[in-house]
Amino acid sequence: MRSDTFDAVATSASAHIPKIGFVSLGCPKALTDSELILTQLSAEGYATSKTFDGADLVIVNTCGFIDDAVKESLDTIAEALAENGKVIVTGCLGAKSASDGSNMVRQIHPSVLAVTGPHATQEVMDAVHTHLPKPHDPFLDLIPGAFGEAGLKLTPKHYAYLKISEGCNHRCTFCIIPSMRGDMVSRPIGDVLKEAKALFEGGVKELLVISQDTSAYGVDVKYRTGFWDGKPVKTRMLELVQALGELAEPHGAWVRLHYVYPYPSVDEIIPLMASGRVLPYLDVPLQHSHPDVLKRMKR
């Protein structure tokens, strides 16, 4: 699904402020990538625009998961090139190869300024700096319209996505996500909880926890112990959800879990749902589930 172009930051109309048009396509994980890029753009003094008109360049965050998404992404790049001419491409389609092994985006749209894969904030910023130098020192600027340490968000103020890991360790034959986003990399649990705290304090009432494989959070680091609020906490789904529920409670907020595969450990989350700390909701992509697990669920 496409998220329309948008104004990420309320900025002045000064002609001296470099302006960047931004289009975000794809899933919530791609949306959080867009938020990171927009946060950095804002911190460095760039303005963002909901249209291509008047923009000094355009960034398109693409999706490459299914054929329709690929077409939409390529069409959007073509539209941006036709209306603006200066386009930086990022996201999953940027990591996809054509039949001859070359980069698909480069093959179809050779005039784009730069192409990166997903979760590549620094590479995108490097391309922006090359083609549109930043206006001033980022260390001296505040971030308007942001959630403190959580940065800018593209969602309405009452809800936000919280990405806890990137990539996936599974190699399902029907899924190309690992080839585009790589193996699973869990975010440090302290960083995740710091972002969640800032979001709740900023007014978020529904926190949507996302990753490619939420139940596997911490597997890649062998559930090592991290630290939050001066206390040790294991990098594991159960401990993370417990802490998120505790953070949400004083704000009258709630936590919703997405992309939860039916690992045995998920059973431990059910009591938290019963107590009201976490919404009694499981977004389970059934196509990934083992047949034996599905049989138990049907019972």
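- When hydrophobic clusters are built by joining Ile, Leu, Val, Met, Phe, Trp and Tyr residues whose side-chain heavy atoms come closer than 4.5 Å, directly or via intermediates, L25 is grouped together with V70.
- Using modelled atom types and a 3.5 Å distance limit, the side chains of S34 and S24 yield a donor-acceptor pair.
- Atoms CG and CG, from D33 and L38 in turn, are 11.0 Å apart once rounded to the nearest 0.5 Å.
- Linking Ile, Leu, Val, Met, Phe, Trp and Tyr residues whenever their side-chain heavy atoms come within less than 4.5 Å places L238 and L207 in a single cluster.
- Between the T116 side chain and the A120 main chain, no donor and acceptor come within less than 3.5 Å of each other.
- Checking Q212 against H170 by side-chain atom types alone, no donor-acceptor pair falls below 3.5 Å.
- For the pair V89/H109, no side-chain contact is recorded, criterion being any heavy-atom separation below 4.5 Å from C-beta on.
- Listed for the T214 side chain is a donor-acceptor partner under 3.5 Å among the backbone atoms of H258.
- Between V219 and Y223, the shortest heavy-atom contact is CG2-OH, 3.2 Å.
- Side-chain atoms of Q40 and Q122, non-hydrogen and from C-beta on, never get closer than 4.5 Å to each other.
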Is there a side chain to side chain contact (heavy atoms under 4.5 Å, CB included) between K29 and H119 once you walk through the steps?
CA-CA 9 Å; K29 294 181 289 298; H119 53 93; over 6 Å; no
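- No side-chain heavy atom of R236 sits under 4.5 Å from any side-chain heavy atom of L240.
- Between P118 and T90, every side-chain heavy-atom pair lies at or beyond the 4.5 Å cut-off.
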Chi angles and distances behind the side chain to side chain contact (heavy atoms under 4.5 Å, CB included) call for K19, D56
CA-CA 5 Å; K19 184 179 290 187; D56 296 290; 3.9 Å; yes
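- The nearest pair of heavy atoms linking T225 to P232 is CG2-CB, 3.6 Å.
- Rounding to the nearest 0.5 Å gives a distance of 11.5 Å between CD1 of I189 and CE of M237.
- For CG of D67, the number of neighbouring non-hydrogen atoms (other residues, nucleotides, ligands) closer than 6.0 Å is 12 at most.
- Annotation for K205 and G252: closest pair CD-O, 4.1 Å, computed over non-hydrogen atoms.
- Cation-pi geometry between K86 and F52 is not met: the NZ or CZ atom fails to fall both under 6.0 Å from the ring centre and inside 45° of the normal.
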Working note: T62 + I77, criterion side chain to side chain contact (heavy atoms under 4.5 Å, CB included); need CA distance, chi angles, decisive distance, verdict.
CA-CA 9 Å; T62 60; I77 295 168; 4.0 Å; yes
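- To the nearest 0.5 Å, atom CD1 of residue I20 and atom NE2 of residue H131 are 11.5 Å apart.
- Note on L279: it does not cluster hydrophobically with I210, by side-chain heavy-atom contacts below 4.5 Å among ILVMFWY residues.
- Note: the hydrophobic cluster containing V60 also contains I108 (ILVMFWY, side chain heavy atoms under 4.5 Å, direct or indirect links).
- In this structure, D183 contributes its side chain and N169 its backbone to no donor-acceptor pair below 3.5 Å.
- What you find for A160 and T155 is that their closest heavy atoms are CA-OG1, 3.7 Å.
- Using a 4.5 Å cut-off on side-chain heavy atoms (C-beta onward), N61 and I59 make no contact.
- No side-chain heavy atom of V58 sits less than 4.5 Å from a side-chain heavy atom of I88.
- No side-chain heavy atom of V278 sits under 4.5 Å from any side-chain heavy atom of R256.
- Listed here is the closest heavy atom pair of Y217 and P188: OH-C, 3.8 Å.
- When atom types are taken as modelled, the side chain of R171 and the backbone of C168 share a donor-acceptor pair closer than 3.5 angstrom.
- Side-chain atoms of S186 come within 3.5 Å of backbone atoms of G218 as a donor-acceptor pair (strictly under, hydrogens ignored).
- In this structure, S102 contributes its side chain and A98 its backbone to no donor-acceptor pair below 3.5 Å.
- Distance check: Y263 OH to E268 CD gives 14.5 Å after rounding to the nearest 0.5 Å.
- Side-chain contact check for F22 versus I37: some heavy-atom pair is nearer than 4.5 Å.
- Checked by atom type, the side-chain pair D53/T51 shows no donor-acceptor distance below 3.5 Å.
- The aromatic rings of H251 and F200 lie parallel to each other, with less than 30° between the two planes, well short of the 60° mark.
- Among all heavy-atom pairs drawn from G26 and C63, the shortest one is CA-CB, 3.7 Å.
- In this model, no donor atom of one side chain and acceptor atom of the other lie less than 3.5 Å apart for S42 and T39.
- Looking only at distances, no side-chain donor or acceptor of R181 sits under 3.5 Å from a matching main-chain atom of E166.
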Might you work through the side chain to side chain contact (heavy atoms under 4.5 Å, CB included) test for I269 and L257, ending with a clear yes or no?
CA-CA 10 Å; I269 307 297; L257 304 177; 3.9 Å; yes
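- The pair E35-K153 counts as a salt bridge, with a side-chain nitrogen and a carboxylate oxygen less than 4.0 angstrom apart.
- A donor-acceptor distance shorter than 3.5 angstrom exists from the side chain of S215 to the backbone of Y261, with no hydrogens or angles considered.
- Judged by distance alone, the side chains of N84 and E79 never bring a donor and an acceptor atom under 3.5 Å apart.
- Its side chain within the 4.5 Å cluster rule, I66 clusters with F65, I176, I177, M180 among the Ile, Leu, Val, Met, Phe, Trp and Tyr residues.
- In this structure, the side chain of T235 engages the main chain of R224 through a donor-acceptor pair within 3.5 Å.
- Between the side chain of Y46 and the backbone N or O of L132, at least one donor-acceptor pair lies under 3.5 Å.
- Remark: L193 CG to K197 NZ distance equals 11.0 Å, nearest 0.5 Å.
- Side chains of E246 and Q242: a donor-acceptor N/O pair is absent below 3.5 angstrom, by distance only.
- No continuous path of ILVMFWY side-chain contacts below 4.5 Å connects W254 to V204, so the two sit in separate hydrophobic clusters.
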